Amino acid sequence: MNRKFENTNENPKAVYRTAIYLRLSREDGDKSESDSISNQRKLLEGYISGRSEFRLVGEYVDDGYSGSNFERPAWNRLYSDLEKGLVNCIIVKDLSRFGRNYIEVGRYLQMIFPVMGVRLVAINDNFDTLNEWQSGDSLTVPMKNLINDIYCKDISKKITSQLDAMRKRGEFVSNFAPYGYKKDPENRSKLIIDDNVAGIVKQIFTWKLEGYSDNIIAGMLNEQGVLSPYEYQISQGNRVSGNFKKSDKAMWGRGAVYNILHNECYTGRMVQGRRRKVSYRSKEIILLPKEEWTRVDGTHEPIVDRELFELVQDLMKKDTRIAGGKTKVELLSGFLFCPECHRQLVIQSTYCNGRKYRYYTCKDCRDEGRTTKRISETKAKSAIFEAIRNMAETAIRMEAIIGESGSVPVRSSEVIRLDAELVQLQDELERYTRLRNGLYEDYLSQVLNREEYADYTRLYSEKIEATKAAMRTVSEEREHVISGYQNARWIGNFSKYRDITSLERPILAELLEQVLVHPGGKMEIIFRDEKSIEQTLEAYGYEEDCYELGIAI
């Protein structure tokens with residue numbers, strides 16, 4: 001805010017072209033009614049009205065800006081007017097309104113203003129640069145500035161501590177909710193789903209899974225007339241900075257899509273504290289390491305499930321560049337790898353007898369003279385399709401076996417290990433019990449005195465309880481392992497594709513980890529949840545299926 005009064009208070013005796021400067025910041029602890037902008041204005045205008053040497057030429061207001069530094073818009077405008085000579089006197093309520101950084105305030109008062117010929121008056125501090133330095137008490141101002149600075153530092157620490165505590169409790173502390181959410185009207189620290197745009201978030205994740213690039217997704221949203229996150233905030237009546245806008249209307253861009261796809265908030269996990277101010281005196285922000293971020297699960301309803309989110313994260317780690325003139329990546333892009341150099345295979349085309357053939361090859365092996373890893377696109381698709389269909393049949397068979405038998409999978413090496421551990425613990429329990437029961441007889445035979453009897457009884461009782469606790473832990477682990485076999489996620493993931501008729505990229509993203517292409521076009525197909533698949537098949541005596549399906553054990 002900036003008001004000019006060039007033609008007011010004309011007085012031939014007035015020698016100071018005066019500006020009043022008003023500042024308010026909750027961040028600095030400015031909560032009293034007397035600090036409000038309106039009350040500051042009344043005080044300053046009343047002070048000027050009774051003094052003929054001042055001619056009011058402007059009002060400069062920084063509402064909501066900290067006094068810990070001088071990076072404030074109204075102050076920058078005022079300083080520019082000081083340099084132009086339009087203003088040569090500043091009046092403030094007190095020195096804390098001018099600033100709370102004692103180093104910067106002192107620099108202005110002692111070095112800059114004297115050179116510029118600028119007078120500063122702080123009414124409540126009874127301070128005036130016109131006569132302050134002529135008085136004998138030259139320490140008054142530095143001490144007041146130092147106190148203001150210490151107060152600002154203390155307030156900053158308290159606010160930071162309070163915000164950290166709120167983050168750890170999973171409370172939302174930012175000004176604006178992420179796109180797709182809004183603040184709960186009954187609890188502003190809680191997020192609730194914004195039904196108006198939550199569907200857009202889901203669509204963005206779906207499109208990414210289907211192979212569209214961030215740029216293409218942004219273009220589709222713009223074509224459909226979907227408001228960008230910035231424009232949507234404006235439409236909801238929120239005041240947001242528009243400094244980044246390149247045109248009258250902010251459009252969807254690659255950055256906005258990228259941010260949504262990487263935001264864990266959409267899974268119901270609150271992730272905050274990613275950035276921090278370098279100092280309470282500075283506005284410079286630094287990005288903290290991920291291990292220092294505050295994460296709290298289950299703080300709000302998710303828009304996308306965790307599995308979909310992780311699938312998209314995995315896909316974005318792959319090299320899935322889109323060929324010119326296309327809108328989506330190739331179906332197998334990012335899934336075929338060379339087992340020798342571990343690079344992704346790239347698709348190439350060749351023509352023979354007027355027909356076009358497409359194949360995947362390892363460019364590095366070819367360029368460096370190593371054995372070429374190459375396979376036709378048709379053969380790769382056919383092999384992967386058959387492997388998925390076979391795995392779907394295996395998953396259906398396992399569903400039937402588990403449902404009918406309901407028995408413990410005794411062939412599981414993990415269950416066998418845990419059973420052996422239980423037997424060993426049972427032997428220890430029986431041994432400690434026998435030893436404790438024999439103590440009384442030793443006591444009666446005077447082999448042990450009363451004190452020794454009590455000590456040994458306590459010792460063996462503790463060992464018995466510790467062994468029982470260990471047996472409970474192993475039993476719980478055994479049940480967890482068995483439950484993992486009987487409710488393995490891979491069974492449900494594959495069985496739903498029992499009627500698969502064609503390959504689609506979302507199917508590959510859900511089921512396929514990678515395909516290694518060996519010399520001669522031999523393929524090794526590795527599925528997601530590979531370890532779980534191996535363990536379940538082994539537990540029920542179908543480990544040979546692992547080899548048939550190309551799963552390495």
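All of these numbers come straight from a predicted model, not from anything done at the bench.
- Between the N222 side chain and the M251 main chain, no donor and acceptor come within less than 3.5 Å of each other.
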Please step through side chain to side chain contact (heavy atoms under 4.5 Å, CB included) for the pair M391 and Y497, ending with a clear verdict.
-> CA-CA 9 Å; M391 272 299 299; Y497 296 115; over 6 Å; no

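- Considering all non-hydrogen atoms of both residues, L332 and K381 come closest at CD1-CG, 4.0 Å.
- A salt bridge links R306 with E264: the closest approach of a Lys/Arg side-chain nitrogen to an acidic carboxylate oxygen falls below 4.0 angstrom.
- When side chains are defined from C-beta on, E530 does not count as touching E513, because their heavy atoms never get closer than 4.5 Å.
- Proximity of a side-chain donor or acceptor of Q344 to a complementary backbone N or O of S333 within less than 3.5 Å is not detected.
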Take W252 and S228, measure what side chain to side chain contact (heavy atoms under 4.5 Å, CB included) needs, and give me the verdict at the end.
-> CA-CA 5 Å; W252 280 93; S228 67; 4.2 Å; yes

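- Using a 4.5 Å cut-off on side-chain heavy atoms (C-beta onward), L43 and N39 make no contact.
- Residues L86 and V57 share a closest heavy-atom pair of O-CG2, 4.0 Å.
- Taking CZ of R97 as the reference point, atom CD1 of I123 lies at 13.0 Å (rounded to 0.5 Å).
- Ring pair W75/Y79 is tilted by interplanar angle, where 30° to 60° counts as tilted.
- One N or O on the side chain of K183 and one on the backbone of N175 form a donor-acceptor pair closer than 3.5 Å.
- One distance of note links CD1 of I260 with CD1 of I200; it measures 9.5 Å at 0.5 Å rounding.
- A distance-only check finds a donor-acceptor pair linking the side chain of D62 to the backbone of A74 [under 3.5 Å].
- With R23 contributing its side chain and Y65 its backbone, the two residues share a donor-acceptor pair below 3.5 Å.
- Between F205 and Y266, the two ring planes are perpendicular [angle over 60°; tilted spans 30° to 60°].
- Put simply, the side chain of I303 reaches to within 4.5 Å of the side chain of I193, judged on heavy atoms.
- Counting heavy atoms from C-beta on, the side chains of F527 and I388 come closer than 4.5 Å.
- Residue-environment remark: NZ (K168) stays at or below the threshold of 12 foreign heavy atoms within 6.0 Å.
- Among all heavy-atom pairs drawn from S502 and I507, the shortest one is O-CD1, 4.1 Å.
- With rounding to the nearest 0.5 angstrom, the SG atom of C338 is 14.5 Å from the CZ atom of R374.
- Under the 3.5 Å distance criterion, the side-chain polar atoms of T536 are matched with a main-chain donor or acceptor of S532.
- In terms of heavy atoms, L78 sits closest to I90 at CD2-CD1, 4.1 Å.
- The closest donor-acceptor contact from the side chain of Q272 to the backbone of V173 lies under 3.5 Å.
- For the pair I396 and R498, the tightest heavy-atom approach, listed with the atom from each and the gap, is CD1-CB, 3.3 Å.
- Between L336 and E330, every side-chain heavy-atom pair lies at or beyond the 4.5 Å cut-off.
- The OG1 atom of T394 sits 6.5 Å away from the CG atom of N390 when rounded to the nearest 0.5 Å.
- Atom CG of L24 is separated from atom OG of S66 by 11.0 Å, given to the nearest 0.5 angstrom.
- Here the closest non-hydrogen pair linking M316 and L261 is CE-O, 3.8 Å.
- Evaluation of the side-chain hydrogen bond (donor to acceptor under 3.5 Å, both in side chains) rule for E171 yields R169 as partners, not counting sequence neighbours.
- For N259, there are no side-chain contact (heavy atoms from CB on, under 4.5 Å) partners two or more places apart in sequence or in a different chain.
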Salt bridge (charged side-chain N to carboxylate O under 4.0 Å, His left out) evaluation trace for E386 with R389 = CA-CA 5 Å; E386 288 301 319; R389 191 168 63 176; 2.8 Å; yes

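- A cation-pi arrangement is found for R72 relative to F70, the charged atom lying closer than 6.0 Å to the ring centre and inside a 45° cone about the ring normal.
- Using modelled atom types, one side-chain atom of Q313 and one backbone atom of F309 make a donor-acceptor pair closer than 3.5 Å.
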Verdict with supporting geometry, E210 and R505, side chain to side chain contact (heavy atoms under 4.5 Å, CB included) | CA-CA 6 Å; E210 292 174 352; R505 193 163 177 84; 5.6 Å; no

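- Using modelled atom types, one finds a donor on one side chain and an acceptor on the other under 3.5 Å when comparing S96 with D94.
- Annotation: side-chain hydrogen bond (donor to acceptor under 3.5 Å, both in side chains) contacts of R107 (sequence neighbours excluded): E104.
- More than 12 heavy atoms of other residues, nucleotides or ligands sit less than 6.0 Å from atom CZ of R358.
- Counting non-hydrogen atoms of neighbouring residues, nucleotides and ligands closer than 6.0 angstrom, the CD atom of E292 exceeds 12 such neighbours.
- Annotation: side chain of K208 is not in contact with side chain of L315 (no heavy-atom distance under 4.5 Å).
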Evaluate the side chain to side chain contact (heavy atoms under 4.5 Å, CB included) criterion for residues Y179 and N263: first the C-alpha distance (whole Å), next the side-chain angles of each, then the deciding distance (0.1 Å), finally the verdict.
-> CA-CA 10 Å; Y179 184 78; N263 194 342; over 6 Å; no

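- Here the side chain of R17 pairs a donor or acceptor atom with the backbone of G85 at under 3.5 angstrom.
- At least one side-chain heavy atom of V312 sits less than 4.5 Å from a side-chain heavy atom of L209.
- Using a 4.5 Å heavy-atom cutoff, the side chains of Y60 and D81 are in contact.
- In this structure, CG in D529 is found 9.5 Å from CD in E510, a value given to the nearest 0.5 Å.
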